[in-house]
Colleague: 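I am attaching a structure below and will ask some questions about it afterwards.
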Amino acid sequence: MSEEHIEDLNEVMKARRAKLAKLQEMGVNPFTYSFDRSASALTILEQFESFENKTVTIAGRIMSLRRMGKASFAHIMDVSGRIQIYVRLDRVGEKSFAVFGLLDIGDIIGVKGTVFKTHAGEITVLADEVELLSKNLHPLPIVKERVEDGRKITYDAFADTELRYRQRYIDLLVNSQVKEIFITRSRIISAMRRYLDERGYLEVETPVLQPLYGGAAARPFTTHHNTLDMTLYLRIADELYLKRLIVGGYEGVYEISKDFRNEGIDRTHNPEFTMMELYVAYKDYHFMMDLVEEMVNFICQEVLGTTSVTYQGQEIDFKAPWPRLPMFEAIRQYTGLDLYAKSRDELRRAAKTLQVEIESFWDGGKILDEIVKNKVEPNLVQPTFLCDYPVELSPLAKRHRNDDRLVERFESFVAGREISNAFSELNDPIDQRQRFEQQMTLKEAGDEEAQMLDEDFIHALEIGMPPTAGLGMGIDRLVMFLTDAASIRDVIFFPTMRPEK
RNA sequence: GAAGGUGUAGCUCAGCUGGUAGAGCAGCGGCCUUUUAAGCCGUUGGUCGGGAGUUCGAUUCUCCCCACCUUCACCA
């Protein structure tokens, strides 16, 4: 603060500081300690009849200011909303009115006054006392709104996406719908917790820093521990640790946490994102499909009061049950080709026919995955379970009870995007070792996302894991669907950005 | 990683084929005691993302760099 160069500040900021100095000369502390409130803006607006002509104390940030000589109107905003205040010289006295004259949009104030309705019909607090609580020194974007024919028209919206993400605190202040999105996000997560807690699942925490990463196909972030002098990875998934807890005797555990994947950024991917993983003993993937449907329905009802939403112009209904579409049937349906039990070369030809680009080192599973990604997934607009994946794609999933080529796995899709991934967990340690070894082969062949062999995890399986169903659900994407957000950055407070130079 | 787009006052934007910048809002001064995108009068404010080049002269043309957006690639 002492290093601040006043001469570098622009005119507006200089004016703010001049006012700050003036206020201090007048004996006003511009950064106070606390303030007792008796009501929020919203409760006064909603319960006007019981507040009319009563005294209230409220606090909030000045968001608009209309001075008219010896009287002023302003809107102040607290977490619940905005309410107008009316400050008159003859009511607050000369000193207070002079202090009020030095206030700006962006200042945080406390007001004691009487609730009434103006001639124009707006519920307003007629101030008896106004107290500055925190001075604004950097001007806020001024966003003005007008209601015409019931529609809200916004003038000079704070719309620069880069600034909105970098300075989210401003975005939250001036774009009211942004605050709503994040409140909805919170409610979604808390509804999910409630659903899981009510069913007796135990919320747990497992390591973020891991000597071996696993549980998903992804490139990790690497870091280093000084004292141990060892490389550690930021987790790409919780899976292998949560399954160790099932081995340890818990019968239902879940974790809601950040995972980190060192990959591209676009509107559905952020390097750190929130994942919910759940493992339930003695259950299989059929149980997990039922659970996903039911849990998402529960969340929709709790948060939105309905299961149908509009996402980017598309009507989507989460109402259970969702279709359960075996992968090879889906491929038949959307490409006309039957790719079941085809050789790698046959799959290559199919990819070529379908104009799906593939890499030379890919095995049959990976080629299939690419075909599904391009030809099937975009069609899955309404919530759908795509199930029964080829075994090569799922090194941690259990073989299908009726088909050795497949695993008991499903992913759920909405608007062409995956929101969950689950399977009957592989608990045969011998099979698991072979799958890991196959992954190692892929890794050597150049697949950077192939998984690493985790001896301790196999050791755990050798101790014995009950049959278990496991689930991973991307929270950010779920939030996107329920808030109609086009970009993952709209549902993450502080998305990863390059630093400003 | 590739292609395209954008970057001008605190905010939202305008600036045609090069002549060193404008508007509205905000700010500042004045008038105004039920206004509300308050109004009226006056006024301040910009290394035109950064750097280099071409030119008598660059916000405008060229090149490099930076950030963001979109699409693709990659990725759940």
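Letters A, B, ... mirror the listed sequences (proteins, then strands); counts begin at 1. Just so it is clear, the structure is predicted and the values come from calculations on it, not from any experiment.
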Colleague: Check each of A/Thr274, A/Asp238, A/Thr206 against A/Ser257 using the side-chain hydrogen bond (donor to acceptor under 3.5 Å, both in side chains) test, and report the only one that passes.
Modeller: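 Going through the options one by one, the only one that passes is A/Asp238.
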Colleague: Checking all strands, does A/Arg261 fall into the base, sugar-phosphate, or nothing category for heavy-atom contacts under 4.0 angstrom?
Modeller: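 Counting heavy atoms under 4.0 Å across all strands, the contact made by A/Arg261 is with sugar-phosphate only.
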Colleague: Does A/Arg16 have a side-chain nitrogen or oxygen under 4.0 Å from the phosphate oxygens OP1 or OP2 of B/G27?
Modeller: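 False: A/Arg16 side-chain N/O out of range (4.0 Å or more) of B/G27 OP1/OP2.
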Colleague: Look up atom CH2 in A/Trp322 and atom CD in A/Gln382, then write down how far apart they are to the nearest 0.5 Å.
Modeller: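 Those atoms lie 10.5 Å apart.
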Colleague: Go through residues 475-497 of chain A and report each residue with a non-hydrogen atom lying under 4.0 Å from RNA chain B, sorted by number.
Modeller: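 Contacts with RNA chain B under 4.0 Å: A/Arg489, A/Met497.
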Colleague: Under 3.5 Å, which N/O atoms of the protein pair with N/O atoms of nucleotides 34-36 of chain B?
Modeller:
from  : atom 1 : to       : atom 2 : distance (Å)
B/U34 : O2     : A/His119 : N      : 2.8
B/U35 : O2     : A/Arg66  : NE     : 2.7
B/U35 : O2     : A/Arg66  : NH2    : 3.2
B/U35 : N3     : A/Gln84  : OE1    : 2.8
B/U35 : N3     : A/Gln84  : NE2    : 3.0
B/U35 : O4     : A/Gln84  : NE2    : 2.3
B/U35 : O4     : A/Thr118 : OG1    : 3.0
B/U36 : O4'    : A/Arg66  : NE     : 3.3
B/U36 : O2     : A/Glu122 : OE1    : 3.0
B/U36 : N3     : A/Glu122 : OE1    : 2.5

Colleague: Calculate the interatomic distance between A/Ile85 atom CD1 and B/U33 atom C1'; express it in whole Å.
Modeller: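 Roughly 15 Å, once rounded to whole Å.
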Colleague: Pick out the pairs of N or O atoms, protein on one side and nucleotides 39-41 of chain B on the other, that lie under 3.5 Å.
Modeller:
none

Colleague: Find the distance A/Leu103:CG to B/A26:C1' and express it as a whole number of Å.
Modeller: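 Whole-Å distance recorded here is 16 Å.
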Colleague: Please report the distance separating the C1' of B/U44 from the corresponding atom of B/A67, rounded so that it comes out in whole Å.
Modeller: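 My reading of the C1' atoms in B/U44 and B/A67 gives 30 Å.
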Colleague: Applying a 3.5 Å limit to both distances, which nucleotide forms a Watson-Crick or G-U wobble pair with B/G19?
Modeller: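 Because both required distances fall under 3.5 Å, B/G19 counts as paired with B/C56.
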Colleague: Return yes if a side-chain donor-acceptor contact under 3.5 Å exists between A/Arg489 and A/Asn270, otherwise no.
Modeller: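 Result is no, nothing qualifies.
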Colleague: How far, in whole Å, is B/G19 from B/A58 if one measures between their C1' atoms?
Modeller: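 Looking at atom C1' only, B/A58 and B/G19 are 10 Å apart.
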Colleague: Quick one: NZ on A/Lys54 to OG1 on A/Thr114, what's the gap to the nearest 0.5 Å?
Modeller: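 Between A/Lys54 NZ and A/Thr114 OG1, I get 11.5 Å after rounding to 0.5 Å.
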Colleague: For a quick check under 3.5 Å, do A/Tyr334 and A/Asn374 share a side-chain donor-acceptor pair by atom type?
Modeller: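 Looking only at side-chain atoms, A/Asn374 and A/Tyr334 do not form any donor-acceptor pair under 3.5 Å.
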Colleague: Should A/Phe328 and A/Leu406 count as side-chain neighbours, where that means a heavy-atom distance under 4.5 Å?
Modeller: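 Counting from C-beta outward, A/Phe328 and A/Leu406 do come under 4.5 Å.
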Colleague: Between C1' on B/C68 and CG on A/Asp266, what's the gap in Å once rounded to a whole number?
Modeller: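 Nearest whole value for this atom pair: 15 Å.
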Colleague: Watson-Crick or G-U wobble partner for B/G7, using a 3.5 Å limit on both distances?
Modeller: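 When the pairing criteria are applied, B/C66 turns out to be the nucleotide that pairs with B/G7.
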Colleague: Dump every N/O contact between nucleotides 8-15 of chain B and the protein below 3.5 Å, one line per pair.
Modeller:
from  : atom 1 : to       : atom 2 : distance (Å)
B/U12 : OP1    : A/Asp160 : N      : 3.3

Colleague: How would you list, by chain and number, every residue that makes a salt bridge (Lys or Arg N to Asp or Glu O under 4.0 Å) with A/Lys95, sequence neighbours excluded?
Modeller: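 If we apply the salt bridge (Lys or Arg N to Asp or Glu O under 4.0 Å) test to A/Lys95, skipping adjacent residues, there are no hits.
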Colleague: Taking atom CG of A/Leu278 and atom CG of A/Leu471, what is their separation to the nearest 0.5 Å?
Modeller: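 It is 5.5 Å, given to the nearest 0.5 Å.
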Colleague: What is the separation between atom NZ on A/Lys70 and atom C1' on B/G30, rounded to the nearest whole Å?
Modeller: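 So the two atoms are 13 Å apart, to the nearest Å.
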Colleague: Using every non-hydrogen atom in the two residues, find where A/Tyr389 and A/Phe410 come nearest and quote the distance to one decimal.
Modeller: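 Looks like CE1-CA, 4.1 Å.
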Colleague: Could you check how far CZ of A/Arg164 sits from P of B/C69, rounded to whole Å?
Modeller: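 Those two atoms, CZ and P, are 11 Å apart.
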Colleague: Without decimals, in angstroms, what is the distance between A/Ile62 CD1 and B/G27 C1'?
Modeller: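 Spelled out: CD1 on A/Ile62 to C1' on B/G27 is 15 Å.
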Colleague: Under a 3.5 Å cut-off for both contacts, is B/G27 paired Watson-Crick or G-U wobble with anything, and if yes, with which nucleotide?
Modeller: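 Per the H-bond distance test, B/U43.
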Colleague: Taking the C1' atom in each of B/A38 and B/C31, what is the distance between them to the nearest angstrom?
Modeller: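 Nearest-Å result for B/A38 against B/C31 at atom C1': 14 Å.
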Colleague: For a quick test of reading the model, state the closest non-hydrogen atom pair linking A/Ile105 to A/Arg16 and the distance between them.
Modeller: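 The answer is O-NH2, 3.5 Å.
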Colleague: Using whole Å, report how far NZ of A/Lys373 lies from P of B/A73.
Modeller: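 After rounding, the reported distance stands at 10 Å.
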Colleague: If I pick the P atom on B/G15 and the same atom on B/C72, what distance separates them, to the nearest angstrom?
Modeller: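 The answer is 30 Å between these two P atoms.
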Colleague: According to the Watson-Crick and G-U wobble definitions, with both distances under 3.5 Å, which nucleotide is paired to B/U36?
Modeller: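 Paired with no nucleotide.
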Colleague: State, with a plain yes or no, whether a side-chain heavy atom of A/Met192 is found less than 4.5 Å away from one of A/Ile475.
Modeller: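 The answer is yes, as the side chains (C-beta and beyond) meet within the 4.5 Å cut-off.
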Colleague: Between atom CE in A/Met63 and atom P in B/A38, what is the gap in whole Å?
Modeller: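 That distance rounds to 13 Å.
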Colleague: So which of residues 380-395 of chain A are in contact with RNA chain B, with a heavy-atom cut-off of under 4.0 Å?
Modeller: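 The stretch gives none, as no residue of it lies under 4.0 Å from the strand.
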Colleague: Does some side-chain heavy atom of A/Met276 sit less than 4.5 Å from a side-chain heavy atom of A/Ile189?
Modeller: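 No, too far: nothing below the 4.5 Å cut-off.
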Colleague: Take atom C1' in B/G57 and the same atom in B/C66, then report the distance between them in whole Å.
Modeller: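 After rounding to an integer number of Å, I get 27 Å for this pair.
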Colleague: Hey, are A/Asp290 and A/Arg324 close enough for a salt bridge, meaning a charged N less than 4.0 Å from a carboxylate O?
Modeller: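 A salt bridge links A/Asp290 with A/Arg324.
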Colleague: Rounded to the nearest 0.5 Å, what's the gap from OG on A/Ser424 to CG on A/Leu396? Could you check?
Modeller: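 Nearest 0.5 Å value for the OG-CG distance: 13.0 Å.
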Colleague: Can a salt bridge be assigned to the pair A/Arg235 and A/Glu255 using a cut-off of 4.0 Å between side-chain N and carboxylate O?
Modeller: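 Looking at A/Arg235 and A/Glu255, the cut-off is met.
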Colleague: Does a side-chain N-to-carboxylate-O contact under 4.0 Å join A/Lys135 and A/Asp104?
Modeller: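 Yes, this pair counts.
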Colleague: With rounding to whole Å, what would you report as the distance between B/U62 and B/U54 at their C1' atoms?
Modeller: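 Nearest-Å result for B/U62 against B/U54 at atom C1': 7 Å.
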Colleague: So, is A/Lys19 near the phosphate of B/G27, with a side-chain N or O under 4.0 Å from OP1 or OP2?
Modeller: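 No.
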Colleague: Check whether any side-chain heavy atom of A/Arg185 sits under 4.5 Å from a side-chain heavy atom of A/Thr483, and report yes or no.
Modeller: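 Not touching, per the 4.5 Å side-chain cut-off.
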Colleague: Under 3.5 Å for both donor-acceptor distances, Watson-Crick or wobble: does B/G1 have a partner, and if so which one?
Modeller: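 Base partner found: B/C72.
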